[in-house]
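When a ligand or atom number is given, it counts from 1 through the structure's own listing order. Start at 1 with the first residue, then count along the sequence.
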Amino acid sequence: MPEPLSVLITGASAGIGAATARAFAAAGDRVVLAARSADALAALADEINGAHGGGTATSLALDVTDADAHQRAVADLEIDVAVLNAGLAKGLRPVWENTPAEVDAMVDTNVKGVLNGVRAVVPGMLERGRGHVIPIGSTAAHAVYGGGVVYCATKHAVLAIANGLKIDLHGTPLRVTTVSPGLVETDFSLVRFDGDADRAASVYSDTVALTPGDVADAVVYCAHAPGHVNVQELLLTPRVQSGYTMIARGEAADHVEGR
Ligand code: NAP
């Protein structure tokens, strides 16, 4: 049996991050759950620690936009794998209509949050001679769509940071992988539309999105790949999604099993 990995997951209180924590724990790894919602993290840690078999969980209240807090929280943890997943979109409007607060939220969380994570974990990984950084990108790292300019710009930045980090780490044992999902059914749209549940539901209506568990499986695959393998990027979409932004709905999505 391989030694369990110590896995930091930011944005672990919901969606892809929570599913990724469950998937690593099911594989026997030790997960450190980080996000701002301490109660949700505690509940997930209890669930994982109460499960028969599998790995263990601890939780860490952390706002990834706070560089110093990120540094302090992670300093002594000896993280093997850092899944830098915390992220959000705010609004779906032409770029000149984005408020400064929306721009700050997306840039601070998605871009600076990933840089804060890299700064917090990489020096320790280099000292220990092992480590894997896995930022969560998006199909929005490869294409732009109207109304999502700032979000897409942040995800282009995430992919650039990850690709550049791999180059900066050239000749070291560390690995860097971007996992870039297409449409995943989570609270992402609820956050984007400020709690408008009907509008959020319409994003996933009459089609078959990825589940958070689908993305979690992809992340675990990359982290558990043999040590000589580096998955540079894993781009996955639901079968109904084509060309990054086209989503088949209704009858056009009916060929997917389970509908
Ligand atoms: P979600 O269900 O809304 O989860 C987002 C997570 O990020 C939550 O746990 C949230 O926790 C955390 N978070 C937000 N701001 C944070 C901050 N400042 N500090 C720490 N944690 C923070 O959305 P999701 O779909 O799982 O999104 C996860 C990642 O996948 C994001 O990077 C997103 O861009 C990416 N993604 C999503 C999709 C999709 O279709 N859903 C597609 C491609 C990529 P707290 O609020 O408790 O802090």
Can you give the donor-acceptor pairs under 3.5 Å from side chains of residues 195-203 to other protein atoms, not counting sequence neighbours?
from: D196; atom 1: OD1; to: D198; atom 2: N; distance (Å): 3.3
from: D196; atom 1: OD1; to: R199; atom 2: N; distance (Å): 3.1
from: S202; atom 1: OG; to: R199; atom 2: O; distance (Å): 2.6

Centre of Y204's six-membered ring, under 6.0 Å away, within 45 degrees of the axis: is that where NZ or CZ of R249 sits?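 No.
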
Under 4.5 Å between side-chain heavy atoms, counting indirect links through other Ile/Leu/Val/Met/Phe/Trp/Tyr residues: same cluster for L174 and V121 or not?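 Yes, L174 and V121 fall within the same hydrophobic cluster.
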
Membership question, hydrophobic clusters at under 4.5 Å side-chain separation (ILVMFWY): are V158 and L8 in the same one?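 Yes: a chain of side-chain contacts under 4.5 Å links L8 to V158.
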
Tell me which one of [options] gets a heavy atom nearest to [atom].
| atom | options | answer |
| --- | --- | --- |
| atom 39 (C) of ligand 1 | V215, L210, V184 | V184 |
| atom 31 (C) of ligand 1 | N85, I136, L60 | N85 |
| atom 43 (C) of ligand 1 | A34, A14, P181 | P181 |
| atom 5 (C) of ligand 1 | A19, A86, G87, S138 | G87 |

Among protein heavy atoms, which lies nearest [atom], and at what distance?
| atom | result |
| --- | --- |
| atom 1 (P) of ligand 1 | F188 N, 4.0 Å |
| atom 44 (C) of ligand 1 | G137 O, 3.2 Å |
| atom 47 (O) of ligand 1 | S37 OG, 2.4 Å |
| atom 12 (C) of ligand 1 | G11 CA, 3.5 Å |
| atom 2 (O) of ligand 1 | D187 N, 3.4 Å |
| atom 20 (C) of ligand 1 | L62 O, 3.3 Å |
| atom 34 (O) of ligand 1 | Y151 OH, 2.6 Å |
| atom 25 (O) of ligand 1 | T186 OG1, 2.6 Å |

Contact (N/O only, under 3.5 Å) between [X] and ligand 1:
| X | value |
| --- | --- |
| A35 | no |
| K155 | yes |
| Y204 | no |
| R36 | yes |
| T139 | no |

Could you list the atoms of ligand 1 found under 4.0 angstrom from a heavy atom of [X]?
| X | value |
| --- | --- |
| G15 | 2 (O), 26 (O) |
| S13 | 8 (C), 9 (O), 10 (C), 11 (O), 45 (P), 47 (O) |
| D63 | 17 (C), 18 (N), 19 (N) |

Quickly, which of T237, D214, L236 forms a side chain to side chain contact (heavy atoms under 4.5 Å, CB included) with P181? Name it, please.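 Among T237, D214, L236, the one that satisfies the side chain to side chain contact (heavy atoms under 4.5 Å, CB included) with P181 is L236.
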
Considering the options V184, T178, V219, L84, which one meets the side chain to side chain contact (heavy atoms under 4.5 Å, CB included) requirement together with I136?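 Going through V184, T178, V219, L84 one by one, the side chain to side chain contact (heavy atoms under 4.5 Å, CB included) with I136 is satisfied by V219 alone.
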
Mind checking whether E185 contacts ligand 1 via backbone (N, CA, C, O), side chain (CB onward), both or neither, at a 4.0 Å heavy-atom cut-off?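 Answer for E185: neither.
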
Counting only heavy atoms, which portion of I16 has something under 4.0 Å from ligand 1: side chain, backbone, both, or neither?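 The answer is both, backbone and side chain.
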
Apart from V64 itself, what residues make up its hydrophobic cluster when side-chain heavy atoms of I, L, V, M, F, W and Y under 4.5 Å apart count as a link, directly or indirectly?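 V64 shares its hydrophobic cluster with L62.
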
Compare all side-chain heavy atoms of [X] with those of [Y] and state whether any distance is below 4.5 angstrom.
| X | Y | value |
| --- | --- | --- |
| D68 | Q71 | no |
| R130 | P173 | no |
| N116 | R119 | yes |
| Y244 | Y145 | no |

If the contact criterion is a heavy-atom separation under 4.0 Å, does G182 count as touching ligand 1?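 Yes.
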
Checking S180 against E233: is there a side-chain donor and acceptor pair closer than 3.5 Å?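 A donor-acceptor contact under 3.5 Å links the two side chains.
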
Hydrogens and angles aside, do D29 and H224 bring a side-chain donor and acceptor to less than 3.5 Å of each other?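 Yes, because at least one side-chain N or O of D29 sits under 3.5 Å from a partner of the opposite role on H224.
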
Main-chain N/O of L88 paired with N110 side-chain donor or acceptor, under 3.5 Å: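 Yes; judged by distance alone, with no hydrogens or angles, the pair exists.
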
